[in-house]
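Just below is one structure, and these are the notes that go with it.
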Amino acid sequence: MSQTKEIPLMEKIVSLCKRKGFIFQSSEIYGGINGFWDYGPLGAELKRNLRTTWWNAMMREREDVVPLDATIIMHPAIWKASGHVDTFADPMSTCKSCKKLVRSDQWWAMMCEQPWVQSLAALVEPGTDAFHTGDLLKWAKGKGKQLAPNLALVRNPEITLSWLAQDHEQGKRPQDAREFYLYLATEQRNVTGFVTPCPHCGGELTEPRPFNLMLRTHYGPIESDDNLCYLRPETAQAIFAQFKNVVDSTRVKVPFGIGQIGKAFRNEITPRNFTFRSREFEQMELEFFIPPDEVVQLIHGNVSTWSEGADLSTPQPNWGWEMWHRYWVAQRTAYYAGIGLGPDVLDYYWQSKADLAHYARACVDILFKFPFGTEELEGIAARGDFDLSQHQKHSGKPLEVFDEELRAAAVKLTDEQRAAFITKVQEDWNDHNKSREDATLFCERLLKGFYVPHVIEPSAGLDRLALAVLALAYTEIEKTDAKGAKETVTVMRFHPRIAPKKVAVFPLLKNKPELVSKARGVYDLLKKHLAADYDEGGSIGKRYARQDEAGTPFCVTVDFDTLGERGPELLDTVTLRHRDDGSQERVKISDLLGRLLPLVQ
RNA sequence: GCGGGUAUAGCUUAGUGGUAAAGCUCCAGUCUUCCAAACUGGCUAUGAGGGUUCGAUUCCCUCUACCCGCUCCA
């Protein structure tokens with residue numbers, strides 16, 4: 001069979017996911033539902049394994065992180081405090097001409113970057129809004145035609161400019177540059193009112209429509225505004241909301257973390273790329289609480305900041321936020337390497353100051369090279385004390401911790417040292433646009449031993465990780481069969497730790513009862529400790545191929561040697577076959593678990 | 001939400017205004033001593049709803065889902 005066209009890799013992966021039971025479309029028999037995906041038998045195991053690796057690496061194997069499992073629906077005030085009610089309702093406009101989507105809050109910023117706006121700005125006298133109608137007319141017929149073809153000024157310069165002239169005669173002039181562009185975009189002002197121009201082509205933008213990205217529901221049987229609530233758009237906020245309870249119930253001390261794995265929901269505008277962006281997804285989030293640098297300074301007399309090559313292996317008491325942030329990037333990188341995602345498939349994107357949310361100090365995205373592009377797998381943000389402070393403010397409940405060392409250090413300060421410390425904090429905070437009052441209050445509490453911890457947030461998407469792992473595992477091998485015909489076989493090369501099934505057991509032949517019962521026995525032995533599979537259908541080669549597609553790293557075959565037919569030295573030994581190179585070795589049944597368990601755990 | 005494309009079995013494809021074909025997969029059996037063997041038999045499909053028509057999988061409309069762009073960033 002000659003392949004007439006090359007099927008894109010992503011389509012092959014989607015097809016395999018369905019065929020083998022990794023991922024199905026949600027509600028498929030009813031036509032499916034946009035942005036929702038189900039995990040089939042193999043996918044459910046795969047995801048569970050990934051979840052477990054995160055849980056173990058982030059919590060079980062550490063002394064300083066504890067878990068939480070909070071509800072999906074929480075008090076709606078949480079989302080007010082976190083800012084999601086506001087920021088997740090971005091109003092958007094569509095251009096009636098070029099159909100592009102524009103976020104209303106970014107309209108002016110986009111405008112300023114456009115060549116047509118910049119070339120127009122050159123015609124307007126800086127600072128005065130003074131301009132020559134002749135210049136504008138000339139622009140409209142020349143540059144404007146190329147740069148902003150759908151702008152009213154370009155399509156119909158005389159009429160458009162007449163409004164400007166008319167207002168001008170009456171002493172009205174555009175208040176600012178923004179309004180100036182509204183004039184230039186408006187042709188029939190008496191009919192349409194002012195038109196907002198599309199930054200891309202100058203065409204007319206629709207009225208902004210709200211895009212609320214949170215899914216809503218109501219608690220209680222009667223729907224009303226009083227019981228409106230949201231399905232959480234992230235798991236993180238529950239951690240902040242329960243921060244105090246965790247601190248009070250577990251004897252944790254800063255620095256420490258709270259981790260959580262759970263579902264989150266976002267009404268994405270366009271779910272896309274298979275499960276990569278879906279409306280219901282699972283997050284694995286850690287909020288790691290650290291002392292503010294000011295606290296570290298006071299207790300230790302210095303703050304360790306990051307420099308190239310700094311040792312990030314073991315946390316130090318004098319680490320500042322920057323070190324902790326880098327530390328978690330290193331930790332997460334090591335985690336990914338441990339499940340097979342090495343440096344060759346990962347990338348990092350350090351957000352620039354302009355990209356950062358206003359409260360964030362730094363954020364790095366860990367990216368994976370997906371078949372459809374290099375996209376985010378996890379974000380690691382240094383969020384300062386924004387979240388806890390917001391909840392402290394909105395709830396009215398103190399979310400500070402008390403640090404005995406801190407108080408002891410503060411007590412030792414002389415009055416001059418205290419004053420100098422406070423002045424220094426006020427200056428530093430001023431540089432970050434924070435008020436002097438806030439700084440003073442912060443110092444007051446701090447010198448008594450109280451502070452609101454800062455947070456480093458490694459936040460990973462489980463579904464994205466599952467997709468990454470599927471994409472990475474997918475391998476096609478060209479084979480030539482006995483007749484010389486070429487065929488392509490698929491092998492899912494999962495890291496053994498995350499493979500859905502660890503081992504499959506076969507009798508060499510299914511019509512020999514002795515082989516079957518022996519193989520069953522081996523299967524019963526293994527399945528108590530490993531995700532194991534038993535198969536006696538088809539030929540031995542077919543069974544290997546089936547397991548290769550499922551990504552099972554090991555197959556065990558019971559043959560006549562196992563029964564001792566060729567002598568006692570091979571009695572109770574089996575063939576252990578390795579997925580990736582097809583190699584085989586002879587292993588005693590009693591040694592199997594000892595061999596396999598270390599490889600898959 | 002807007003624009004473009006797609007929709008036939010579990011998968012990959014064929015085909016037709018007159019009741020859908022094939023390969024692979026899957027299941028059962030015969031056989032088979034280690035990488036999708038062979039043989040026999042079997043299950044399974046025109047995304048949903050309307051319209052035109054004597055008759056629609058085929059033509060038209062609507063919806064849904066998927067893919068590509070605008071947008072988004074766990």
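Residue numbers begin at 1 in each chain, while the letters A, B, ... track the order of the sequences.
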Requested in this report: Name the nucleic acid region contacted by A:Asn273, choosing base, sugar-phosphate or nothing; use a 4.0 angstrom heavy-atom cut-off, strictly under.
Outcome: sugar-phosphate
Report task. Could you give the distance separating B:U12 and B:U64 at their C1' atoms, to the nearest angstrom? Result -> 24 Å
Query raised in the report: Rounded to the nearest Å, what distance is computed from the CD atom of residue A:Glu476 to the P atom of nucleotide B:A36?
Result: 17 Å
Query raised in the report: On a whole-Å scale, what distance lies between the P atoms belonging to B:G47 and B:C24?
Result: 24 Å
Query raised in the report: Checking all strands, does A:Lys18 fall into the base, sugar-phosphate, or nothing category for heavy-atom contacts under 4.0 angstrom?
Result: sugar-phosphate
Query raised in the report: Can you tell me how far C1' in B:G49 sits from the matching atom in B:A56, rounded to whole Å?
Result: 14 Å
Query raised in the report: What distance, rounded to whole Å, do you find between the two P atoms, one in B:U53 and one in B:A48?
Result: 23 Å
Requested in this report: Please tell me which of A:Tyr349 and A:Ile33 maps to the more 5' nucleotide of RNA chain B, matching each residue to the nucleotide holding its nearest heavy atom.
Outcome: A:Ile33
Query raised in the report: If you round to the nearest 0.5 Å, how far is CG of A:Leu467 from CD1 of A:Ile13?
Result: 7.0 Å
Requested in this report: Looking at every strand, decide which applies to A:Glu549 at a 4.0 Å heavy-atom threshold: base, sugar-phosphate, or nothing.
Outcome: base
Query raised in the report: Among A:Arg546, A:Lys501, A:Lys542, which residue meets the salt bridge (Lys or Arg N to Asp or Glu O under 4.0 Å) test with A:Asp535?
Result: A:Arg546
**Report entry** Distance test, side-chain N/O of A:Ser539 to OP1/OP2 of B:A37, below 4.0 Å
**Finding:** yes
Report task. Look at all strands and tell whether A:Phe276 reaches a base, only sugar-phosphate, or nothing, counting heavy atoms closer than 4.0 Å. Result -> base
Requested in this report: Would you indicate what A:Glu376 reaches in the nucleic acid, counting non-hydrogen atoms under 4.0 angstrom: base, sugar-phosphate, or nothing?
Outcome: base
**Report entry** Side-chain ion pair, A:Asp548 and A:Arg493, N-O less than 4.0 Å
**Finding:** no
Query raised in the report: Looking at A:Lys20 and A:Glu549, does any basic side-chain N land under 4.0 Å from a carboxylate oxygen?
Result: yes
Query raised in the report: With ring centroids as reference points, do A:Phe36 and A:Phe274 lie under 6.0 angstrom apart?
Result: no
Report summary line: By the Watson-Crick or G-U definition, both distances under 3.5 Å, B:U52 is matched with none
Query raised in the report: What is the nucleic acid contact for A:Leu465, judged by heavy atoms within less than 4.0 Å: base, sugar-phosphate only, or nothing?
Result: nothing
Query - Polar side-chain contact A:Thr575-B:C34 base: donor and acceptor under 3.5 Å - result: yes
Query raised in the report: Which part of the nucleic acid, if any, lies within contact of A:Arg272, taking any heavy atom under 4.0 Å across all strands shown: a base, the sugar-phosphate backbone alone, or nothing?
Result: base
Query raised in the report: Checking all strands, does A:Gly35 fall into the base, sugar-phosphate, or nothing category for heavy-atom contacts under 4.0 angstrom?
Result: sugar-phosphate
Report task. Check whether any side-chain N or O of A:Arg266 sits under 4.0 Å from OP1 or OP2 of B:A74, and answer yes or no. Result -> yes
Query - Presence of A:Arg546 side-chain N/O under 4.0 Å of B:C26 phosphate oxygens OP1/OP2 - result: yes
Report task. Would you mind classifying the nucleic acid contact of A:Ser459 as base, sugar-phosphate or nothing, using non-hydrogen atoms under 4.0 angstrom? Result -> sugar-phosphate
Query raised in the report: Once the angle between the rings of A:Phe370 and A:Phe276 is folded into 0 to 90°, is it parallel (under 30°), tilted (30 to 60°) or perpendicular (over 60°)?
Result: perpendicular
**Report entry** N/O (side chain, A:Lys12) to phosphate O (OP1/OP2, B:U12) under 4.0 Å
**Finding:** no
Query raised in the report: For B:G69, which nucleotide in any strand shown is its Watson-Crick or wobble partner with both distances under 3.5 Å?
Result: B:C2
Report task. Could you tell me whether A:Gly379 contacts a base, only the sugar-phosphate backbone, or nothing, with contacts defined as non-hydrogen atoms closer than 4.0 Å? Result -> sugar-phosphate
Report summary line: Between A:Asp463 and A:Phe274, the residue closer to the 5' end of RNA chain B by nearest nucleotide is A:Phe274
Query - Watson-Crick or G-U wobble mate for B:A21, both contacts under 3.5 Å - result: B:U13
Query raised in the report: So what does A:Ser278 touch, heavy atoms closer than 4.0 Å: a base, only the sugar-phosphate, or nothing?
Result: base
Query raised in the report: Roughly how far apart, to the nearest Å, are B:C39 and B:A14 at atom C1'?
Result: 26 Å
